[in-house]
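Here is how names work: the chains are called A, B, and so on, in the same order as the sequence lines, proteins then strands, and each is numbered from 1.
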2 protein chains.
Amino acid sequence: MGDGPTITTIAERAGVSIASVSRVLNGLPTRQETVRKVMAAADELGYVRNAVARSLKSRRTHQIAFAMADVGNPAYLAMLREIQPVLKAAGYRLVLHSTDAVVADEIDVLHSLGERYVDGLIMSPLRVTDTHLQMLATARAPVVIIGSVPDGTRVDNVRADSRTGVRLAVDHLYALGRRRIAMVNGPLDTVPGAARGAAYREALTDLGLPYDENLVQIGDFYREEGRRAVAELLDRAPEIDALMCANDLIALGALDVLRAKGRRVPEDVAVVGMDDTDLAAASWPSLTSVSLGSAERGKAAAELLLERLQGDDGDPKRVTVAPRLAIRASTAGPDYERTQRKEGGA
Amino acid sequence: MGDGPTITTIAERAGVSIASVSRVLNGLPTRQETVRKVMAAADELGYVRNAVARSLKSRRTHQIAFAMADVGNPAYLAMLREIQPVLKAAGYRLVLHSTDAVVADEIDVLHSLGERYVDGLIMSPLRVTDTHLQMLATARAPVVIIGSVPDGTRVDNVRADSRTGVRLAVDHLYALGRRRIAMVNGPLDTVPGAARGAAYREALTDLGLPYDENLVQIGDFYREEGRRAVAELLDRAPEIDALMCANDLIALGALDVLRAKGRRVPEDVAVVGMDDTDLAAASWPSLTSVSLGSAERGKAAAELLLERLQGDDGDPKRVTVAPRLAIRASTAGPDYERTQRKEGGA
DNA sequence: TTGTAAGCGTTATCAG
DNA sequence: CTGATAACGCTTACAA
């Protein structure tokens, strides 16, 4: 673990100035002979550029931060999977922050932008507080938000369309003849929780179905919480014939409970999840799920940020990704599943 | 996006030298009056320390890199989930590298250690080549490998015990009365592929079962590949009564195919996966799987690295994490599953 | 084409 | 206790 050669070491060895070394290393016009001497010295010494010194001078770190609520959540991972290659291709490294949806941690990330250890930030907050907005307004580096922010907020953002997503699902259930469609949601003070709850109500109304508070159960976005919530819901309203779940984890919890209670899926109760994570395709019965385009959103966010880093300083941009319904066995039954697989090819 | 105040700005405003500012900011003994002036100026200016300049001087970046084959693989994610909080608690940021198991990319990561943008590296290579070993020997920062390296390699490493893991699974299947136990493995030129293949053979031998090449199918570590492999295997050897799969994805592919062919799991064919990922618990029937302690390995690796960063320069350490068999419905049947869930509590 | 020298924003040493 | 001042390793005018 030697103490690493610097351009000074090379300069001495090659008998030239550090400026010449720098020029050669950066491919600036230099006499052939000098190039050769410098390259030789660099090779022999096993020289590697010091990224920190370089960043200090150039004011560019070639690092980008991605802050999300929870590394364990498959929806964020889908984003990560898309963000990573885009940034890598553009020569950026990825610095990961997991904030556990703790507001203070997110603010901290925003604050630390001032430390200039990254050139930009992609953030997907679960809740957006006034402090968030304030820090965003004075951020010291470009930021792209994955998620919704209040109208007028001057920040690039890529949002899902929960409303249309929920509607796709509810319409699908309705088309299957379901009329007692319940919802299991996450906390209403989160951006997705609020949006999905409202969209559910709206979708019912538009279909001419009554909105029944009894059919709405609030839990949290985890499987175990989903089980708890669905168990309660079934006790209270055993007559339901469909479940709209605010994410896939909740939906998996629902499948657990329904199975344990001997309710057939989808014959007795059809189930829809949201986010269309890997788990949806892996479960049995496989889970119909509304894709909110996590992957596309991640990709779009990375691309927006790169544009900013390339100097674009125009008005804030907003991208909205269209939702898509992935129909599987939990609503359409096993036959559908079989067909799907065959079509899917080998 | 103003141009950020520096200690010089603060010094001017507070009417003191930059040295005093630095002292105050670092909590070194200073007169109360000076402290007050500096803090006031810093507050008013919204000062944030420049991490890059600081790193250049201190030779510490407070960043650690984690390099893995694929951000999409749940086994690596399990590591990531544990590594992240450990590093965060110790004040380190996480820089993520996804190498797609491309050797050149891994070498690149090792090489880039010389750039000093991180203080250390945790790496989980799928294959370990001579170049890997060579670069490891001359690495410019502490490295911890998650995985096995040749004996004598002077590098901290945290390994799984695939051998014992496979044995646990095979013994379990044997105890259930299975005697035609087939294996679906990944590529034999990967470290895990080789280890698991050898372990399977050994386990059979020790149980007095014949090793039959016909019962071994090589594919790759993905679900789709698993389907293909298992389909072929079933054509060739329809009489098998158990499947030992080299990871969970392959096992899920196996479940797909068995279901499609009308073979009941576990009555006709028992299935075991490896890695015990989230998908194992989510599938139906839920998947018995050998946990190779991905999470524990990640945590141990992070802790080993932190020790090094705290100055420990003793001999290389080796940690081996014991495997554990998570028994679920794909071998023990749905009754077991039900019991499990009840015990699991609310 | 090349060398000298001035930063980039910190930390740390040394006199006062 | 405080202020000059010299690094850290690199890029980049500006001169030669």
Side-chain angles (χ1 to χ4, degrees), chain A residues 2-39 41-42 45-63 112-119 140-141, chain B residues 2-42 45-63 91 112-119 140-141:
Chain A
D3 216 36
T6 70
I7 51 171
T8 309
T9 332
I10 298 183
E12 283 165 4
R13 180 149 188 154
V16 299
S17 73
I18 62 166
S20 288
V21 175
S22 177
R23 279 187 214 104
V24 171
L25 262 24
N26 290 305
L28 297 177
T30 316
R31 186 155 46 116
Q32 270 310 309
E33 174 59 13
T34 312
V35 173
R36 190 164 39 249
K37 282 191 297 187
V38 169
M39 292 310 257
L45 293 167
Y47 173 79
V48 182
R49 246 204 222 94
N50 183 312
V52 177
R54 181 169 233 226
S55 294
L56 179 57
K57 184 68 193 165
S58 66
R59 296 156 161 289
R60 283 234 165 197
T61 60
H62 296 282
Q63 294 192 150
S112 71
L113 271 186
E115 293 180 11
R116 326 231 83 151
Y117 68 97
V118 286
D119 298 339
R140 293 255 169 69
Chain B
D3 218 38
T6 71
I7 50 170
T8 309
T9 332
I10 297 182
E12 283 165 3
R13 178 149 189 152
V16 299
S17 72
I18 62 164
S20 287
V21 175
S22 177
R23 277 187 214 106
V24 171
L25 261 24
N26 290 303
L28 297 176
T30 315
R31 188 158 42 116
Q32 268 312 309
E33 174 58 13
T34 311
V35 173
R36 190 164 39 244
K37 282 192 295 188
V38 169
M39 292 310 254
L45 293 168
Y47 172 79
V48 182
R49 244 202 224 93
N50 183 312
V52 177
R54 180 170 233 218
S55 294
L56 178 58
K57 186 67 195 169
S58 66
R59 296 156 162 289
R60 283 233 165 198
T61 61
H62 297 283
Q63 294 193 151
S112 72
L113 271 185
E115 294 180 10
R116 317 224 139 239
Y117 67 97
V118 285
D119 298 338
R140 292 253 169 71

Report task. Check the pair B:N50 / B:T6 against side chain to side chain contact (heavy atoms under 4.5 Å, CB included), numbers first and verdict last. Result -> CA-CA 8 Å; B:N50 183 312; B:T6 71; over 6 Å; no
**Report entry** Side-chain N or O of B:S22 closer than 4.0 Å to phosphate OP1/OP2 of C:dT11
**Finding:** yes
Requested in this report: Give a yes/no answer on whether the side chain of B:T34 brings an N or O atom under 4.0 Å of OP1 or OP2 in D:dT2.
Outcome: yes
Report summary line: The reported gap from CZ in A:R31 to CZ in A:R23 (rounded to nearest 0.5 angstrom) is 12.0 Å
Query raised in the report: Can you name the one residue among B:L25, B:I18, B:N26 that meets side-chain contact (heavy atoms from CB on, under 4.5 Å) with B:S22?
Result: B:N26
Query raised in the report: Reckon B:R23 touches a base, only the sugar-phosphate, or nothing at all at heavy-atom distances under 4.0 Å?
Result: base
Query raised in the report: Reckon A:Y117 has a side-chain N or O less than 4.0 Å from the OP1 or OP2 of C:dT10?
Result: no
Query raised in the report: Below 4.0 angstrom from OP1 or OP2 of D:dT2, is there any side-chain N or O of B:R31?
Result: yes
Query raised in the report: Under 4.0 angstrom, heavy atoms only, what part of the nucleic acid is A:T8 near: base, sugar-phosphate, or nothing?
Result: nothing
**Report entry** Residue whose closest nucleotide on DNA chain D lies nearer the 5' end, B:G15 versus B:S58
**Finding:** B:G15
Query raised in the report: Rounded to whole angstrom units, what separation is found between the CG atom of A:L28 and the P atom of C:dT2?
Result: 12 Å
Query raised in the report: Base, sugar-phosphate alone, or nothing: which one does A:T6 contact when heavy atoms must sit under 4.0 Å apart?
Result: sugar-phosphate
**Report entry** Distance test, side-chain N/O of B:R54 to OP1/OP2 of C:dT11, below 4.0 Å
**Finding:** yes
Query raised in the report: Is B:R116 near enough to D:dG9 that one of its side-chain N or O atoms lies under 4.0 angstrom from OP1 or OP2?
Result: no
Query raised in the report: Just to confirm, is there a sub-4.0 Å distance from OP1 or OP2 of C:dT11 to any side-chain nitrogen or oxygen of B:R49?
Result: yes
Query raised in the report: Does any donor-acceptor pair link the side chain of B:K57 with the base of C:dA12 at a separation under 3.5 Å?
Result: no
Report task. Check every strand shown and say whether B:I18 touches a base, only sugar-phosphate, or nothing at a heavy-atom separation below 4.0 Å. Result -> base
Query - Under-4.0 Å side-chain N/O to phosphate OP1/OP2 contact, B:N50 with C:dC8 - result: no
Requested in this report: Check whether any side-chain N or O of A:S20 sits under 4.0 Å from OP1 or OP2 of C:dG3, and answer yes or no.
Outcome: yes
**Report entry** Inter-residue atom distance B:Q63.CD - B:D119.CG, 0.5 Å rounding
**Finding:** 8.0 Å
Requested in this report: Assign B:V52 to base, sugar-phosphate, or nothing according to its heavy-atom contacts below 4.0 angstrom with the strands shown.
Outcome: nothing
Report task. Return the nearest nucleotide to the side chain of B:A19; candidates are C:dG3, D:dT11, D:dA4. Result -> D:dA4
